[in-house]
Amino acid sequence: MLYSEKVMDHFKNPRNVGEMQDADGIGEVGNAKCGDIMRMYIKVDKDTQIITDVKFMTFGCGSAIATSSIATEMIKGQPISKALELSNKAVVEALGGLPTHKIHCSVLAEEAVKAAVKDYYDKNGIKYDEKCYAKGSCPCAHEFDHKGE
């Protein structure tokens, strides 16, 4: 089987799908080569900095949907600082693996979470390290060769 049971479950029964009208942060990322687009919405408790709700809308393949779905489960109920630690490697591991040519989907999920947090920070005047959000700053570059995908 090309995909794990967990990937297939998150593709067929994605969690936290939908738009969030009152989102505190929205992140949208895409991969022009494969056509996948992810939009991640987060709701944050301003006092505790805990992500109280998260939704996503993804246009893309089954792996893109599955990685978006599991990423939302991994950050919901977590402090923003913990969500920022989410790596594409953790997403892949949580799904029980992905084919090599689909690893870029997990990178998009990581980047969508970071983009939503950055939007939240920007809207609330919260300072952050801009290097964490620079193009090509993907911390997984040495773990998976996804360049050019």
*Main-chain N/O of Asp22 paired to Lys43 side chain as donor or acceptor, under 3.5 Å*: yes
_Applying a strict under-4.5 Å side-chain criterion to I, L, V, M, F, W and Y, I'd like to know whether Ile51 and Tyr128 cluster together._
yes
_Atom of Ile26, atom of Arg39 and distance for their closest heavy-atom approach_ = CG2-CG, 3.7 Å
*May I ask you to check whether Tyr41 and Asp24 show a side-chain donor-acceptor distance below 3.5 Å?*
no
*With side chains defined as the heavy atoms from C-beta onward, is the minimum distance between Ile42 and Val117 less than 4.5 Å?*
yes
_Heavy-atom pair with the smallest gap, counting every atom of Leu95 and His10_ = CD2-CD2, 4.1 Å
_Contacts of type salt bridge (charged side-chain N to carboxylate O under 4.0 Å, His left out), residue Lys6, not counting sequence neighbours_ = none
*Enter the distance from Asn16:CG to Met57:CE here, rounded to the nearest 0.5 Å.*
13.0 Å
*Is Val107 linked to Ile37 within one hydrophobic cluster, defined over Ile, Leu, Val, Met, Phe, Trp and Tyr using a side-chain heavy-atom separation of less than 4.5 Å?*
no
_According to salt bridge (charged side-chain N to carboxylate O under 4.0 Å, His left out), who are the partners of Asp45, at least two apart in sequence or on a separate chain?_
none
*Could you pull out the closest heavy-atom pair between Thr67 and Ala64, with the gap in Å?*
OG1-O, 3.1 Å
_Option passing side-chain contact (heavy atoms from CB on, under 4.5 Å) with Val54 (candidates Glu73, Gln78, Met40)_ = Met40
*asked:* Measuring from atom CG of Leu2 to atom CE of Met8, what distance do you get when rounded to the nearest 0.5 angstrom?
replied: 9.5 Å
*Linked hydrophobic residues, Leu108 as query - side chain contacts closer than 4.5 Å*: Val29, Met38
*May I ask you to test the Ser4-Val7 pair for a side-chain heavy-atom distance under 4.5 Å?*
yes
*asked:* Using side-chain contact (heavy atoms from CB on, under 4.5 Å), reason through Val17 and Ser69 one step at a time and then give a plain yes or no.
replied: CA-CA 7 Å; Val17 173; Ser69 175; over 6 Å; no
*asked:* Would you say that more than 12 heavy atoms from the other residues, nucleotides or ligands in this model lie under 6.0 Å from the NZ of Lys123, or not?
replied: yes
*Establish whether Phe59 and Ile65 are linked, either directly or via other cluster members, by ILVMFWY side-chain heavy-atom contacts under 4.5 Å.*
no
*What are the two closest non-hydrogen atoms of Thr72 and Arg15, and how far apart are they?*
OG1-O, 3.7 Å
*So, the side chain of Asn124 versus the backbone of Tyr120: is there a donor-acceptor pair under 3.5 Å, distance only?*
yes
*Any chance NZ of Lys46 has more than 12 other-residue heavy atoms, nucleotides or ligands included, within less than 6.0 Å?*
yes
*asked:* Distance check, rounded to the nearest 0.5 Å: Met74 atom CE versus Glu93 atom CD?
replied: 8.5 Å
*Would you say the side chain of Ser63 lies within less than 4.5 Å of the side chain of Phe11, judging by non-hydrogen atoms?*
no
*asked:* So, taking the atom named CG in Asp122 and the one named NZ in Lys127, what distance separates them when rounded to the nearest 0.5 Å?
replied: 11.0 Å
*asked:* So, taking the atom named CD1 in Ile103 and the one named CG in Asn88, what distance separates them when rounded to the nearest 0.5 Å?
replied: 7.0 Å
*asked:* Using the rule that Ile, Leu, Val, Met, Phe, Trp and Tyr join whenever any side-chain heavy atoms are under 4.5 Å apart, tell me whether Ile126 and Ile50 fall into a single cluster.
replied: no
*Which atom names give the shortest non-hydrogen contact between Ile75 and Ala83, and what distance separates them?*
CG2-CB, 3.8 Å
*How many angstroms lie between NZ in Lys12 and CD in Glu5, if you round to the nearest 0.5 Å?*
10.0 Å
*Same apolar cluster (I L V M F W Y, side chains within < 4.5 Å links), Tyr121/Leu86*: yes
*List the atom of Phe56, the atom of Pro14, and the distance in Å for their closest heavy-atom pair.*
CZ-CB, 3.9 Å
*asked:* Measuring only between side-chain heavy atoms, which start at C-beta, is Glu110 closer than 4.5 Å to Lys114?
replied: yes
*Electrostatic pair Lys102-Asp36, nearest N-O below 4.0 angstrom*: no
